[in-house]
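Encoded as structure tokens, the structure appears first; notes follow it.
Along the sequence shown, the residues carry numbers beginning at 1.
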Amino acid sequence: QVQLVESGGGLVQAGGSLRLSCEASVRTLSTYTMGWFRQAPGKEREFVAAISTFGGRLYYADSLKGRFTISRDNAKNTVYLQIDSLKPEDTAVYYCASVRDYRVGTNYMNRNVYNAWGQGTQVTVSS
């Protein structure tokens, strides 16, 4: 069973940046598609970004393109989410998720596809 631990969240002013990290306890991270989701208070968990096994394919929510960058370092078993030009509406708990690559197909935006989740890291953006 994959265990995921997010870090890097915090309180930041609007316009600032954060880099979230997700460390996976797995022998071979390169067999997993990895995703980031977020959940704001009172809202459903929404897709943010996903990355294929070796980083060759990147996927972003249309509304977030340009400010979010997902990347991975399989040697370090870590996935990253860089967030620039933060806005108050980015305030949410950010979750890392994983799924074996052969299971995801084109459903990388569907949270129900992912079968391992981290505990989340809080990002709060002040105006």
Side-chain angles (χ1 to χ4, degrees):
Q1 182 69 22
V2 179
Q3 292 187 331
L4 304 171
V5 179
E6 302 95 334
S7 61
L11 175 62
V12 64
Q13 288 189 333
S17 297
L18 281 175
R19 189 175 81 155
L20 309 183
S21 298
C22 170
E23 187 170 356
S25 61
V26 63
R27 177 171 291 185
T28 311
L29 188 64
S30 60
T31 60
Y32 292 83
T33 290
M34 302 298 293
W36 284 97
F37 291 74
R38 70 183 185 181
Q39 188 166 16
K43 295 188 177 181
E44 291 191 355
R45 192 170 299 189
E46 65 172 351
F47 171 76
V48 174
I51 186 168
S52 61
T53 53
F54 290 94
R57 298 187 302 275
L58 308 178
Y59 309 98
Y60 297 97
D62 287 341
S63 61
L64 302 179
K65 286 180 180 177
R67 298 192 298 115
F68 289 70
T69 305
I70 189 171
S71 61
R72 66 192 294 160
D73 185 339
N74 288 337
K76 295 182 178 179
N77 275 3
T78 302
V79 179
Y80 306 98
L81 184 70
Q82 176 74 32
I83 315 173
D84 298 315
S85 301
L86 278 156
K87 303 176 180 181
E89 51 263 43
D90 293 322
T91 295
V93 178
Y94 284 73
Y95 296 92
C96 175
S98 69
V99 59
R100 290 293 300 275
D101 185 60
Y102 68 88
R103 291 182 178 273
V104 69
T106 59
N107 297 318
Y108 49 86
M109 294 179 64
N110 184 346
R111 63 179 184 265
N112 295 319
V113 168
Y114 296 83
N115 51 24
W117 293 83
Q119 82 290 348
T121 186
Q122 176 71 48
V123 172
T124 302
V125 184
S126 63
S127 57

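Counting heavy atoms from C-beta outward, Val113 and Tyr108 have side chains that stay 4.5 Å or more apart. Residues Asp84 and Ser17 have side chains in contact (heavy-atom distance under 4.5 Å, counting atoms from C-beta outward). Considering only heavy atoms from C-beta on, Trp36 comes within 4.5 Å of Val79 through its side chain.
Judged purely by atom type and a 3.5 angstrom limit, Tyr60 uses its side chain to pair as donor or acceptor with the backbone of Ile70. A donor-acceptor pair under 3.5 Å links the side-chain atoms of Asn77 to the main chain of Val26, judged by distance alone. Judged by distance alone, the side chain of Ser25 and the main-chain N or O of Gln3 form a donor-acceptor pair under 3.5 Å. A donor-acceptor contact shorter than 3.5 Å links the side chain of Thr91 to the backbone of Val125. With Glu6 contributing its side chain and Gly120 its backbone, the two residues share a donor-acceptor pair below 3.5 Å. No donor-acceptor pair closer than 3.5 Å links the side chain of Arg57 to the backbone N or O of Ser52. Between the side chain of Arg45 and the backbone N or O of Arg111, no donor-acceptor pair lies under 3.5 Å.
Remark: Arg100 CZ is packed, more than 12 non-hydrogen atoms of other residues, nucleotides or ligands lying under 6.0 Å away.
Ring orientation note: the planes of Tyr114 and Phe37 are nearly perpendicular, at an angle over 60° on the 30°/60° scale.
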#### Entry: Candidate pair Asp90 and Phe68, rule side chain to side chain contact (heavy atoms under 4.5 Å, CB included), full reasoning
CA-CA 11 Å; Asp90 293 322; Phe68 289 70; 3.8 Å; yes
